[in-house]
Amino acid sequence: MPELPEVEIYARYFARHALGQPISGIDVRDERILGKVRKRKFVESLVGKAFKSVRRHGKNFFADAGPAWLYLHFGMTGDLVYYRKAIERPQFARVVFDFENGAHLAYDDMRLFGVVDLVDDPDAFIAERRLGPDPLTDSFRLRDFQRIVERRRGAVKSLLMSQDIIAGIGNLYADEALYQTSIHPQRGVDRLSSAEVKALFTAVRRILRETILRAERGLDRPPRYLIHRREEGERCPLCGGTIRRTVVFGRTTYYCGKHQR
DNA sequence: TTCCATGTTCCGCA
DNA sequence: TTGCGGAACATGGA
């Protein structure tokens with residue numbers, strides 16, 4: 001489930017299992033998952049190295065294998081699986097890292113929308129892609145968010161999902177933030193009150209943090225979250241209204257027809 | 001069989 | 001210039 005919180009969990013998982021372990025081999029099982037890098041260069045750049053640290057910016061993941069960085073984007077169905085026995089290798093493992101200790105880390109991705117690549121410099125990558133601030137860092141400031149909202153037009157959900165405005169929010173968490181702030185997903189950005197802009201800013205951070213904290217403890221998102229009610233006609237756990245379905249920014253959108261205005 | 005899916009990119013149009 | 005709709009990508013799962 002790769003939006004920001006999921007990628008953060010993957011980053012921690014990667015750090016827990018793979019950091020400092022010498023890479024003894026790499027099996028690129030499906031080259032279609034590779035970005036710009038060719039298979040041979042990818043393997044030669046990483047074998048014999050060990051990952052030293054990890055970074056995440058929005059949905060983008062980087063692991064330092066100096067001088068090159070491993071880059072991962074999880075697309076819609078990307079996942080990481082650390083395992084010891086060959087039989088445990090996941091079904092859609094596209095790239096497998098073998099470590100000297102005999103364990104393996106698979107990048108698993110059924111739909112192949114993800115990317116495995118090498119980059120020279122994460123900061124340059126972030127700048128080139130024109131990614132906005134990561135909402136869980138100090139670079140995400142209310143002032144900046146307010147300024148962007150003032151200049152922007154269109155539906156508020158589109159703004160939340162635009163990676164050049166905020167990096168990391170996808171379809172589910174955009175709906176969640178709007179639901180929890182009682183804002184209709186199709187409301188024009190120019191019709192948000194300053195209190196609503198502030199509430200949205202706060203809600204985004206709180207929801208992402210809460211999801212990560214709970215996931216670390218093996219807990220799902222709280223029962224009051226819209227994420228458990230993504231179906232037309234469901235009951236809204238906050239106000240008893242009816243959950244509606246529409247399309248915004250090209251994506252299926254769920255909202256409460258009663259309390260989101 | 002048909003519809004839908006947590007993402008990104010590209011094209012055409014207003 | 002900005003924003004949006006639609007399609008494409010690849011592969012299931014319900």
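Lettering of chains follows the sequences in order, A, B, ..., and the numbering in each one begins at 1. Just so it is clear, the structure is predicted and the values come from calculations on it, not from any experiment.
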In whole Å, what is the span from the [atom1] atom of [X] to the [atom2] atom of [N]?
X: A:M76; N: C:dA10; atom1: CE; atom2: P; value: 14 Å
X: A:R152; N: C:dG3; atom1: CZ; atom2: P; value: 4 Å
X: A:I33; N: C:dA10; atom1: CD1; atom2: P; value: 11 Å
X: A:L160; N: C:dG3; atom1: CG; atom2: P; value: 13 Å
X: A:D175; N: B:dG7; atom1: CG; atom2: P; value: 10 Å
X: A:Q186; N: C:dG3; atom1: CD; atom2: P; value: 17 Å
X: A:H57; N: B:dG7; atom1: NE2; atom2: C1'; value: 16 Å
X: A:F249; N: B:dC10; atom1: CZ; atom2: C1'; value: 13 Å

Has [X] got more than 12 heavy atoms of other residues, nucleotides or ligands less than 6.0 Å from its [atom1]?
X: A:N101; atom1: CG; answer: yes
X: A:K49; atom1: NZ; answer: yes
X: A:D138; atom1: CG; answer: no

[X] side chain N/O closer than 4.0 Å to the phosphate oxygens (OP1, OP2) of [N]?
X: A:R245; N: B:dC4; result: yes
X: A:H73; N: B:dG7; result: no
X: A:T77; N: C:dG12; result: no

If you check the [X] side chain, which of [options] turns out closest?
X: A:K59; options: C:dT2, B:dC4, B:dT8; result: B:dT8
X: A:R153; options: B:dT6, C:dT2, B:dA5; result: C:dT2
X: A:R32; options: B:dG7, B:dA5, C:dA10; result: C:dA10
X: A:F92; options: B:dT6, B:dT8, C:dG12; result: C:dG12
X: A:N171; options: B:dT8, B:dG7, B:dA5; result: B:dG7

Report task. Identify whether a stacking contact exists between A:F113 and C:dC9, where the ring centres must be under 5.5 Å apart and the planes under 30° apart. Result ->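 Stacked: centres under 5.5 Å apart, planes under 30°.
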
Requested in this report: Assign the ring pair A:Y179 / A:H259 to parallel, tilted or perpendicular, where the plane angle (0 to 90°) is split at 30° and 60°.
Outcome: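 Perpendicular: the ring planes of A:Y179 and A:H259 meet at over 60°.
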
Query raised in the report: Would you call the rings of A:F62 and A:Y71 parallel, tilted or perpendicular, where under 30° means parallel and over 60° means perpendicular?
Result: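 The arrangement is tilted - the two ring planes meet at 30° to 60°.
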
Query raised in the report: Which whole number of Å gives the distance between the P atom of C:dT1 and that of B:dT8?
Result: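 Taking atom P in both C:dT1 and B:dT8, they lie 24 Å apart.
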
Query raised in the report: Considering every strand shown, what is the Watson-Crick or G-U wobble mate of B:dT1 when both distances are under 3.5 Å?
Result: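 Answer to the pairing question: none, since B:dT1 forms no Watson-Crick or G-U pair.
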
Query raised in the report: What is the pairing partner of B:dT6, taking Watson-Crick or G-U wobble pairs with both distances under 3.5 Å in any strand?
Result: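 The answer is none; no pair meets the criterion.
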
Report task. By nearest nucleotide on DNA chain B, pick out whichever of A:R129 and A:R111 is the more 5' one. Result ->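 Going by which nucleotide is closer to the 5' end, it is A:R111.
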
Query raised in the report: Hey, do the aromatic rings of A:Y107 and A:F74 have their centres closer than 6.0 Å?
Result: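 Between A:F74 and A:Y107, which both carry aromatic rings, the centre distance is below 6.0 Å.
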
